[in-house]
Structure formats: C-alpha cells, structure tokens
Amino acid sequence: QVQLVESGGESVQAGGSLRLSCVASGRTFSSYTVGWFRQAPGKDREFVAARSRSGSIPNYADSVKGRFTLFRDNAKNTVYLQMNSLKPEDTAVYYCAATLSYSILASAFNSASWGQGTQVTVSS
C-alpha cells in the first residue's frame, strides 16, 4: 500500500496557474500508475489526468487538455499537476491516486490508494 499526501491547493483568479504536488510513501513509487481526480461541490468525482509508471504515457480529460500537465519524478516519489489558464469550473477538491494497474484509463483507479485532497478555488 502507498500513502499519498497532496499539497498546493489555494484560491486563484481565473487565468492564473497552480502546481499541485503529491508525495508518496510506502512501496516503490515507480510501480504505480498515478493520476489526479477532482470533485466539485454537488458533483461526482471526475478523472483529470494520469501517467504511466515510467512517466512516458499521459492521459488527460478533454476538459483540461492543453491547460494541465501531469508529470512525475520517481526519484522524489512525487507526482505534480501543473494547471494553467485556470477557469472557475476548475474549482474542486483535487485528489491524487495511485494504482498498480498498467492502464492509464480512469477505470484503472477503481482500485487505488488515495490522498486526502487539496482545495482549488478559481474566482472570476
């Protein structure tokens, strides 16, 4: 089992940028496919992005393509979500997740370890 701790969430103006971090501890981090999800008030949790174990293969939700970048540093046991051109609709609690599945699809995280979440608020 891997433990995940997110940080970096805060309130920003629309058009701004944020970088979320997620530090993992426990088993070998490079054995995990990693991802970010988010949940807005009153809505279901939704997939944002994922990246393969080696970091070479990404997958992004259409709503964030071209604006968000997920990258990982296996030497630091850390995964990042760089968020640019933020919009009010990006407001949500953002969760980091890690799965032993090789798939980078959202369904791969049905069995995953999760962090506690970090709040991102984007104001217009």
Side-chain angles (χ1 to χ4, degrees):
Q1 194 77 357
V2 63
Q3 291 76 46
L4 304 169
V5 178
E6 304 99 330
S7 63
E10 60 182 73
S11 297
V12 296
Q13 294 282 333
S17 297
L18 277 178
R19 178 177 293 185
L20 306 182
S21 299
C22 174
V23 179
S25 60
R27 294 184 59 183
T28 305
F29 182 61
S30 59
S31 299
Y32 289 84
T33 297
V34 294
W36 286 93
F37 288 71
R38 66 187 182 186
Q39 187 167 20
K43 295 187 177 181
D44 293 334
R45 185 172 61 194
E46 66 171 353
F47 171 79
V48 175
R51 192 169 279 274
S52 61
R53 296 180 175 201
S54 67
S56 62
I57 304 174
N59 181 26
Y60 294 98
D62 288 342
S63 59
V64 306
K65 278 182 182 176
R67 299 189 299 122
F68 290 12
T69 303
L70 186 160
F71 58 102
R72 64 189 296 170
D73 185 337
N74 286 343
K76 295 182 178 180
N77 282 10
T78 303
V79 57
Y80 303 93
L81 185 67
Q82 178 65 42
M83 306 186 293
N84 299 328
S85 302
L86 283 161
K87 304 175 181 180
E89 51 263 44
D90 294 319
T91 295
V93 177
Y94 283 71
Y95 297 90
C96 175
T99 177
L100 289 171
S101 171
Y102 283 93
S103 171
I104 56 171
L105 299 179
S107 58
F109 294 89
N110 289 340
S111 178
S113 299
W114 295 87
Q116 83 289 348
T118 186
Q119 176 70 47
V120 173
T121 303
V122 184
S123 57
S124 57

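Given the structure is predicted, the values throughout are model-derived calculations rather than measurements. Count residues from 1 along the sequence.
If you take CD on E10 and CZ on R19, they are separated by 13.0 Å, rounding to the nearest 0.5 Å. The OG atom of S63 lies 7.5 Å from the CG atom of D90; values are rounded to the nearest 0.5 Å. Atoms OG1 and CE, from T69 and M83 in turn, are 11.0 Å apart once rounded to the nearest 0.5 Å. Separating the CD1 atom in I104 from the OG1 atom in T99 is a distance of 12.5 Å, to the nearest 0.5 Å. With values rounded to the nearest 0.5 angstrom, S30 atom OG is found 11.5 Å from D73 atom CG. To the nearest 0.5 Å, the span separating CD on E89 from CZ on R38 amounts to 8.0 Å.
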**Message:** Using side-chain contact (heavy atoms from CB on, under 4.5 Å), reason through L81 and V48 one step at a time and then give a plain yes or no.
**Reply:** CA-CA 10 Å; L81 185 67; V48 175; 4.2 Å; yes
**Message:** For a side chain to side chain donor-acceptor pair (under 3.5 Å) check, start with the C-alpha distance between S103 and S101, then their side-chain angles and the critical distance, and finish with the verdict.
**Reply:** CA-CA 5 Å; S103 171; S101 171; 4.7 Å; no
**Request:** Apply the test side-chain contact (heavy atoms from CB on, under 4.5 Å) to residues N84 and Q82: give CA-CA distance (whole Å), side-chain angles for both, the deciding distance (0.1 Å), then the verdict.
**Result:** CA-CA 7 Å; N84 299 328; Q82 178 65 42; 2.9 Å; yes
**Request:** Could you check L100 against S31 for side-chain contact (heavy atoms from CB on, under 4.5 Å), going step by step and ending with a plain yes or no?
**Result:** CA-CA 6 Å; L100 289 171; S31 299; 4.3 Å; yes
**Steps toward side chain to side chain donor-acceptor pair (under 3.5 Å) verdict (Q1, S113)** = CA-CA 7 Å; Q1 194 77 357; S113 299; 3.2 Å; yes
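Note: the hydrophobic cluster containing L18 does not contain Y80 (ILVMFWY, side chain heavy atoms under 4.5 Å, direct or indirect links). Linking Ile, Leu, Val, Met, Phe, Trp and Tyr whenever their side-chain heavy atoms come within less than 4.5 Å leaves V93 and V23 in two separate clusters. In the hydrophobic cluster analysis, where Ile, Leu, Val, Met, Phe, Trp and Tyr join through side-chain heavy atoms closer than 4.5 angstrom, Y95 is grouped together with F109.
Proximity of L105 to N59: side-chain heavy atoms (C-beta onward) are separated by under 4.5 Å at one or more points. Within the 4.5 Å cutoff, the side chain of C96 has heavy atoms near those of the V79 side chain. Side chains of R45 and W114 form a contact here, defined as non-hydrogen atoms less than 4.5 Å apart. Inter-residue side-chain proximity for R53 and Y32 is flagged as unmet; no heavy-atom pair is nearer than 4.5 Å. L20 has its side chain within reach of V120: a pair of non-hydrogen atoms, C-beta onward, lies under 4.5 Å apart.
Panel note: side chain E6, backbone G117; a donor-acceptor pair is recorded below 3.5 Å. Side-chain N or O atoms of T78 include one that pairs as donor or acceptor with a backbone N or O of K76 at under 3.5 Å. With hydrogens and angles disregarded, no donor-acceptor distance shorter than 3.5 Å links the side chain of T33 to the backbone of S52.
In terms of heavy-atom proximity, V2 sits nearest to A24 at CG2-CB, 3.7 Å. For T91 against V122, the heavy-atom pair with the smallest separation is OG1-N, 2.9 Å. Scanning both residues, A40 and A92, for their nearest heavy atoms gives N-CB, 3.8 Å.
Within the structure, ring pair (Phe, Tyr, Trp, His ring centres under 6.0 Å) contacts touching residues 39-70 (residues at least two apart or in different chains) are F37-F47.
A cation-pi arrangement is present between R72 and F29 under the rule of less than 6.0 angstrom and at most 45 degrees off the ring axis. Relative to the six-membered ring of W36, R51 misses at least one condition, a distance below 6.0 Å or an angle of at most 45° to the axis.
The local environment of CG in N110 is crowded, with over 12 non-hydrogen atoms from other residues, nucleotides or ligands closer than 6.0 Å.
A salt bridge is defined here as a Lys NZ or Arg NE, NH1 or NH2 lying under 4.0 Å from an Asp or Glu carboxylate O, and D62 with K65 meets this definition.
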